[in-house]
Student: 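Please read through the structure below; I'll follow up with questions.
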Amino acid sequence: MPRSQRLILVAALVFALGYAWLRGALISVSAAPVEEPSVPSTAPLATFAAGCFWSAESAFEGTPGVLAVVAGYTGGTVANPTYAQVSAGATGHAEAVEIRFDPAKVTYARLLERFWHQVDLFAAHQQFCDLGDQYRPAVFVHDAAQREAAESSRQRWQAYFGQPVRVEVTDAGPFYRAEAYHQNYASRHPIPYRFYRWSCGRDARLHQIWDSGR
């Protein structure tokens, strides 16, 4: 085999192993407990699936009016699923985030607007490099007002782009908190997270959608 081909194979292997490690396929990552903010239990909920929950979580953290963001699993049929089960596509769950927010400071419509700009609106059973229904984009609504807002905004973007928006709007069900090492992953592990995000092509695809209008 020519030297150039060997170098390409080695580079591909290193890239594949690095990606598998980042997604937790090769090792179990331990982490210190995440300090939880004090959040009123009466604060309303918003639940979104936007592909990898590391990215969805980082998109909403720090947003004025957002009180807490939790990475987890929802939309499946198995109680208390593990990351290994969900990432294998064995439970029907999607990686998602559950958000507690202060409606006096941020509206649900504003959260929806933020959500649409984090997803590939035209990919139903994957997001960016993450393939499978566990990475499907979805809005999980908690009441009739949220459903109306989500469906109305989806129709607006569909008219804007002139093609079907393949993001599900469905009723929220049980939400299962993901393992501790997934919580606040982007802020606790900025270098591996940035490499994952770049290698996954997330920002490149989002720029393509929103800069070109398709």
Side-chain angles (χ1 to χ4, degrees), residues 24 28-87 90-119 127 130 133-154 167-190 193:
S28 175
V29 181
S30 61
V34 176
E35 184 177 346
E36 296 293 339
S38 178
V39 178
S41 60
T42 55
L45 288 169
T47 305
F48 302 113
C52 170
F53 49 23
W54 298 344
S55 297
E57 185 183 48
S58 68
F60 288 98
E61 286 181 334
T63 301
V66 168
L67 305 176
V69 186
V70 175
Y73 317 112
T74 194
T77 59
V78 176
N80 301 306
T82 65
Y83 176 70
Q85 290 175 311
V86 174
S87 61
T91 69
H93 290 89
E95 289 194 9
V97 290
E98 186 178 76
I99 300 167
R100 289 275 184 184
F101 66 99
D102 180 351
K105 296 181 178 179
V106 63
T107 64
Y108 182 71
R110 180 70 185 89
L111 296 177
L112 271 174
E113 190 76 7
R114 181 71 174 153
F115 164 77
W116 292 119
H117 284 79
Q118 305 307 312
V119 297
Q127 283 293 287
D130 292 315
D133 207 45
Q134 64 270 33
Y135 299 110
R136 66 190 183 273
V139 179
F140 295 93
V141 297
H142 292 269
D143 55 35
Q146 287 191 359
R147 175 175 286 279
E148 181 178 2
E151 291 181 344
S152 176
S153 63
R154 181 176 61 182
V167 176
E168 180 183 22
V169 175
T170 189
D171 290 336
F175 182 92
Y176 301 99
R177 183 188 182 93
E179 294 82 347
Y181 64 85
H182 286 301
Q183 306 301 326
N184 305 105
Y185 186 91
S187 59
R188 292 187 300 110
H189 304 287
Y193 172 70

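We're numbering straight along the sequence, starting at 1.
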Student: List for me each residue that meets side chain to side chain donor-acceptor pair (under 3.5 Å) alongside H117, sequence neighbours excluded, and say none if there are none.
Tutor: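 In terms of side chain to side chain donor-acceptor pair (under 3.5 Å), with neighbours along the sequence ignored, H117 is linked to no residue.
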
Student: Got a second to check how far R177's CZ is from H182's NE2, nearest 0.5 Å?
Tutor: 12.0 Å

Student: Give me the atom names and distance for the closest heavy-atom approach of G173 to T74.
Tutor: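 Closest pair (atom of G173, atom of T74, distance): O-OG1, 3.9 Å.
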
Student: What residue pairs, at least two apart or across chains, pass side-chain hydrogen bond (donor to acceptor under 3.5 Å, both in side chains) with a residue in residues 96-109?
Tutor: none

Student: Considering all heavy atoms of both residues, which atom of V141 and which atom of A150 are nearest to each other, and what is their separation?
Tutor: CG1-CB, 4.1 Å

Student: Only counting residues at least two apart or in another chain, list the ones meeting side-chain contact (heavy atoms from CB on, under 4.5 Å) with T91.
Tutor: V78, P81, Q85, V86, H93

Student: Please round to the nearest 0.5 Å and tell me the distance separating atom CD of Q118 and atom CZ of F48.
Tutor: 10.5 Å

Student: List the residues meeting side chain to side chain donor-acceptor pair (under 3.5 Å) with E168, not counting sequence neighbours, and say none if there are none.
Tutor: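 By the side chain to side chain donor-acceptor pair (under 3.5 Å) rule, E168 matches no residue at all.
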
Student: Ignoring hydrogens, what is the shortest heavy-atom contact between V106 and P64? Give both atom names and the distance.
Tutor: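 In this case the closest contact between V106 and P64 is CB-O, 3.3 Å.
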
Student: Is a donor on one side and an acceptor on the other found under 3.5 Å between the side chain of Q127 and the backbone of A49?
Tutor: no

Student: What distance separates F140 CZ from D171 CG, expressed to the nearest 0.5 Å?
Tutor: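 Separation between the atoms: 10.5 Å.
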
Student: For residues Y176 and N80, report the shortest heavy-atom separation together with the two atoms involved.
Tutor: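 Shortest heavy-atom contact: CE2-N, 3.3 Å.
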
Student: Within the side chain of S152, is there an N or O that forms a donor-acceptor pair under 3.5 Å with the backbone of A149?
Tutor: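 Not confirmed, S152 side chain does not pair with A149 backbone.
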
Student: Measuring from atom CG of L45 to atom CD of Q146, what distance do you get when rounded to the nearest 0.5 angstrom?
Tutor: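 Atom-to-atom, L45:CG and Q146:CD are 8.0 Å apart.
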
Student: Got a second to check how far L112's CG is from R114's CZ, nearest 0.5 Å?
Tutor: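 The CG atom of L112 sits 13.0 Å away from the CZ atom of R114.
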
Student: So do L111 and V66 actually touch side chain to side chain, heavy atoms under 4.5 Å?
Tutor: yes

Student: What do you reckon, are the aromatic ring centroids of F53 and Y73 less than 6.0 Å apart?
Tutor: yes

Student: Would you compute the distance between atom OG of S55 and atom OH of Y185 and round it to the nearest 0.5 angstrom?
Tutor: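 These two atoms lie 11.0 Å from each other.
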
Student: When you compare the side chain of W54 with that of E95, does any pair of heavy atoms fall below 4.5 Å?
Tutor: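 Not in contact.
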
Student: Kindly assign one of parallel, tilted or perpendicular to the pair Y83 and Y181, based on the angle between their ring planes and the thresholds 30° and 60°.
Tutor: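 Answer is perpendicular, since the angle exceeds 60°.
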
Student: Please enumerate all residues that pass side chain to side chain donor-acceptor pair (under 3.5 Å) together with E148, with sequence neighbours excluded.
Tutor: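 E148 satisfies side chain to side chain donor-acceptor pair (under 3.5 Å) with no other residue.
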
Student: How close do V97 and A71 get, counting heavy atoms only, and between which atoms?
Tutor: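 Of all heavy-atom pairs spanning V97 and A71, the closest is CG1-CA, 4.3 Å.
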
Student: Partners of F175 by ring-ring contact (aromatic ring centres under 6.0 Å, His included), sequence neighbours excluded?
Tutor: none

Student: Might you work through the side-chain contact (heavy atoms from CB on, under 4.5 Å) test for W116 and V167, ending with a clear yes or no?
Tutor: CA-CA 9 Å; W116 292 119; V167 176; 3.7 Å; yes

Student: Less than 6.0 angstrom separating the ring centers of H189 and Y193, yes or no?
Tutor: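 No, ring centres 6.0 Å or more apart.
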
